[in-house]
Structures are given as C-alpha cells and as structure tokens.
Amino acid sequence: MRIIQISDSHISTDTPQRLADLERCVTAVNEQGPDLVIHTGDIAHDASVEEYRLARDVLEQLQAPWYVMPGNRDDRNRLVEIFHDKLSMHEGFIQYTLDEYPVRLLLIDTLSTMSNKGALCEVRMQHIQQVFSENGPTPLMVFMHHTPFEVTEIPDPFQFEDWSAVEQLLEIFTGCKELRAVYCGHVHRNVATRINNLPISAITCMACDLRKGKIPDEERQRPSYKVIDC
Ligand SMILES: [Fe+2]
C-alpha cells in the first residue's frame with residue numbers, strides 16, 4: 001500500500017503562486033500512483049471560503065482517494081463546510097480513523113482556537129486513548145499537523161500550548177508496538193526524529209515561498225510530498 005502525505009498548501013487569494021505550487025504537487029503525486037493521499041493541514045492561509053474552494057478544485061485532480069485534517073491556519077467549521085466528504089468528526093473535532101486499509105490510520109485534530117500552537121483537550125485525548133486501546137494487532141499510523149517533538153532548528157522548539165498533553169500523547173504512542181510512525185506538517189521544513197524508536201517526522205510545505213531553513217534553490221522549488229510505502 002502506498003500512502004502519500006502532503007501538507008501546508010496555505011492557499012491564499014493574495015499569493016496566486018501557491019495554487020500553482022499545489023497543482024504541481026498534485027501532478028507529481030498522481031505520477032507516484034498512491035492508494036491514498038492525506039493533507040496534514042493548513043490548507044488555506046486565511047481560511048476563507050474562497051480559498052478553500054480554490055484548494056478543493058485543485059485537490060479534486062488527485063486520482064487516489066484523499067482526506068484532510070486541520071492545521072492552525074484552518075477554520076474547523078469552514079473546513080467541514082467545504083470538505084465534508086473528505087473528513088470525519090468526533091464530538092465536534094476533525095479527528096478520525098480510516099479503517100478500510102491494511103494499516104489503520106488515525107488523523108488527530110490539534111487545532112486550538114486560542115493560538116497557533118497545537119492543543120489536545122480532554123475529548124480528543126480520550127478519543128486517542130480509545131483508538132489505541134481498541135486497536136488490537138493491526139498496524140497503525142498517526143497523522144497530525146503540529147509536531148509532538150522538540151524541533152530544535154526553530155526559535156520556539158515546542159509547538160504545543162501545553163507540553164504535558166504531548167508527554168501524555170507520547171506515552172500512548174510509545175506504549176503501542178503496532179504504531180509504525182507519526183507524520184506531521186506545520187514547521188515548513190523536513191525534520192525527523194525517533195522517540196523510543198518510534199519514527200516521527202514533518203514535511204515541508206507545498207507553498208514554496210513559505211519554506212524555512214537554509215535549503216538550495218532547487219529544493220525550494222521542488223513539489224513537496226512524502227511517499228509512505230507500507
Ligand atoms: Fe501550521
């Protein structure tokens with residue numbers, strides 16, 4: 001099975017180039033022949049209906065089934081309005097599992113209405129706990145917008161409001177031997193680490209103008225996506 005992760009398209013009516021970046025990315029992803037594509041959030045930059053419609057029109061060109069989840073720039077209600085058939089809900093959050101594949105996928109909603117940092121409230125944590133406790137022997141993968149690890153390359157390495165929630169999350173993650181990996185976006189650079197041998201990574205943004213870090217020009221312009229063969 002081939003999953004492709006894409007992230008942070010930041011579609012903006014003020015920066016039309018980002019739509020072209022997304023289009024190039026969709027073309028490149030189709031060439032890789034995935035079974036499934038997951039967009040790990042920050043679909044639109046200002047979360048307007050117009051931006052979401054523009055993004056959706058391009059994402060519709062994906063040949064594989066595709067799903068979305070929220071990033072900090074997204075608006076939960078608008079996302080549900082425009083992408084209702086590309087996501088599922090749990091008690092008001094865009095947090096859900098995809099169970100029809102050989103690997104079970106959990107998409108975690110880390111959106112906070114208070115800040116750009118990630119948040120995990122009681123409702124979301126309980127749902128995550130439930131998913132893990134009922135999982136059984138099925139391999140599992142997690143997708144979430146914010147990085148639940150210290151990204152030392154950026155000025156503020158901690159991208160959650162409450163780091164104790166992350167510690168709780170990591171305890172669940174590392175206690176599950178079926179969990180294969182965790183895939184994130186948000187930090188606009190490619191980073192990867194291991195926590196107790198669990199691979200956790202983030203991919204850079206599809207929006208070329210927002211890529212961070214010292215990277216060669218050629219890499220700055222390349223379509224960003226992550227191929228996950230499992
Ligand atoms: Fe973000």
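Small disclaimer: the values here were computed from a predicted structure and weren't measured. Read the numbers this way: they start at 1 and go in the same order the structure lists the ligands and their atoms.
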Metal site angle (apex the Fe ion (ligand 1)), OD1 from Asn72 and NE2 from His145, 10 degrees: 90°

query: Asp42: which N/O/S atom is nearest the Fe ion (ligand 1)?
result: OD2

- request: Answer with yes or no whether the side chains of Ser112 and Glu161 bring together a donor and an acceptor at under 3.5 Å.
  value: yes

- request: Taking the side chain as every heavy atom from C-beta outward, state whether Phe173 and Phe132 have any atom pair closer than 4.5 Å.
  value: yes

task: Flag the pair Lys117 and Asp156 as a salt bridge only when some basic side-chain nitrogen lies within less than 4.0 angstrom of an acidic carboxylate oxygen.
output: yes

- line: Given the options Asp42, Thr110, Thr40, His145 meets side chain to side chain donor-acceptor pair (under 3.5 Å) only with Asp42

field: Closest His186 atom to the Fe ion (ligand 1) [N, O or S only]
entry: ND1

